[in-house]
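Some notes on the structure that comes next.
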Amino acid sequence: MFLTISTTGTPERPATDLGFLLHKHPDRAQTFSTSHGIAHVLYPEASAERCTAALLLEVDPVALVRRGKGKGRGGAPDAALAQYVNDRPYAASSLLAVALSTVFKSALRGVCKALPERAAEPLPLRIELPAVPARGGADLVRGLFEPLGWTTVDARPVALDETFPAWGDSRYVTLVLEGELRLADALRQLYVLLPVLDDAKHYWVAPDEVEKLLRAGDGWLADHPERRLITSRYLTRRWGLTREATERLELVRLAEADDVGVEAIDNAVEDPAPDEETEETAKVERTVSLAEQRRDAILTALRDAGAASVLDLGCGQGQLVQALLKDVRFTRVVGVDVSVRALTVAARRLKVERMSERQAERVALMQGSLTYTDKRLKGYDAAVLSEVIEHLDLPRLPALEHAVFGTARPATVVVTTPNVEYNVRWETLPAGHVRHRDHRFEWTRAEFRAWASRVASLHGYAVRHLPVGPDDPEVGPPTQMAVFTVADSAKTTTVKEEKAA
Ligand code: SAH
């Protein structure tokens, strides 16, 4: 089972830089023990003009079967045994993907201290895999790799037996990929797509596989035309996980569809002025700098509540996280968002990598969807949902309520959302329009109050309402804010339960 990765270079930019990027020296053959056998990394050629790294995995078929992981999808053990003894040691598959992620861990993450700029730029790459089990054949192989920027995707079916052409093709293809890609992107694509093509993942698919898939798929999976097939196969058709991954990818797409492109975002970070949710909302709300008033109102509510650890749920580009960090009372600040791109901008804004260790320990940014319960969100004093609920489809809102008020259960939850009644006061907003394209709804004051009191009584919170911005006598304030506090009775039960435990 093996694959080779080759690149070309010049005396100024030698191909042997590949060794730095893979964190494996071209002059040495190295051996690693992985959970399924021994992996070797060696360089059949290593010159300034051309360098090739080979990853070779010696699978231990007996150990595979003995560990009971060879039983496939509920198939008969003998059939599974035959399959593993016959093809596992030779075919590139999910085992190779696992070896790839173990042996080239830093390269997959795009980390290279020695040559950071080389790691960040596309390289001329040629990747060869002599035997890839491909359920769906060469056509599917092309369908999976061609949209990812490879200029050559050469997938040739391997004959079942060359001396008996009449027997037709096996389910293997010889695959050659050529193109200019970042090494990390190429490796992450292989890590996901090899098991997808194999379609017989060898290990149990745990819920954190969704996390792994989204991490490895960052930047290429959300927009891939075959994302449904990839997701479903990668998660071995476990529909609960597939649904979660599909929905989260969809959210990433939606959240990022409005983005003007990374360059524009970069500029926005340099320029402190357009500090808004998005440019569009900014246009509408700029005159009063409503965003700033909103942040002040939220900070006041959190200080009044005596909160020290705070979750900013749907943190976007991190403006509130940044404001929270300026106040030492907030000892732990965590921003959560479904959009990786927003989080990247947030990380840049906060200059996380330049923070002192102590400061860095106060803050974290996490990718996650608020419509799924997430145990990482438990144990905080307060959570903020600033201009987030209106980005969810109404039928998905109860899922967020359950995850935030039912499961994470911070003592304080601050929610802000636009007051639709105020929209008539925005000069630049045509009548009957919401403030932003991605708002699925905007509520009147009565609608927000009805929602808040239902959520409060369902989950054992008390709620009070505060205006943000000028409180117009007729139509109310532009932003409405609700502060939920865990009701005393609920608090006592928790304490009692803790004592009992
Ligand atoms: N809180 C920020 C950003 C609001 S924009 C502010 O007040 O300016 C709404 C944010 O919610 C976006 O960044 C979007 O990516 C995020 N979001 C939308 N649906 C989400 C979901 N289901 N889970 C997590 N974040 C979500």
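If you read the sequence from its start, that first residue is 1, and numbering goes on from there. Start at 1 and go down the list; that is how both ligands and their atoms are numbered.
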- Item | Any N or O of D337 closer than 3.5 Å to N or O of ligand 1 | yes
- Query: Which option out of D393, I298, V338, V345 puts a heavy atom nearest to atom 17 (N) of ligand 1?
  - Reply: V338
- Message: For E178 and T151, which I'm curious about, is there any donor-acceptor pair between the side chains at under 3.5 Å?
- Response: no
- Between the side chains of W150 and E180, does any donor sit under 3.5 Å from an acceptor? no
- Item | N or O pair under 3.5 Å between T371 and ligand 1 | no
- Contact atoms of ligand 1, heavy-atom distance to S339 under 4.0 Å: 15 (O)
- Query: Hey, which atoms in ligand 1 end up nearer than 4.0 Å to a heavy atom of G368?
  - Reply: 23 (N), 24 (C)
- Query: Does a side-chain N-to-carboxylate-O contact under 4.0 Å join E121 and R182?
  - Reply: no
- Can you tell which part of L392 has a heavy atom less than 4.0 Å from ligand 1: side chain, backbone, both or neither? side chain
- Task: Is it possible for you to check whether R454 lies under 6.0 Å from the centre of the six-membered ring of Y461, through NZ or CZ, and within 45° of that ring's axis?
- Result: no
- Task: Examine the side chains of Q367 and D337 and answer whether a donor and an acceptor come within less than 3.5 Å of each other.
- Result: no
- Query: Polar-atom distance check: L313 versus ligand 1, any N or O pair below 3.5 Å?
  - Reply: no
- Query: Which of the atoms in ligand 1, numbered in the order shown and given with their element, are less than 4.0 Å from a heavy-atom of S369?
  - Reply: 22 (N), 23 (N)
- Message: Are any of the N/O atoms on L370, whether in the backbone or the side chain, positioned under 3.5 angstrom from an N/O atom of ligand 1?
- Response: yes
- Query: Have T416 and R294 got a donor and an acceptor in their side chains that come within less than 3.5 Å?
  - Reply: no
- Test ring-ring contact (aromatic ring centres under 6.0 Å, His included) applied to F104 - qualifying residues, sequence neighbours left out: none
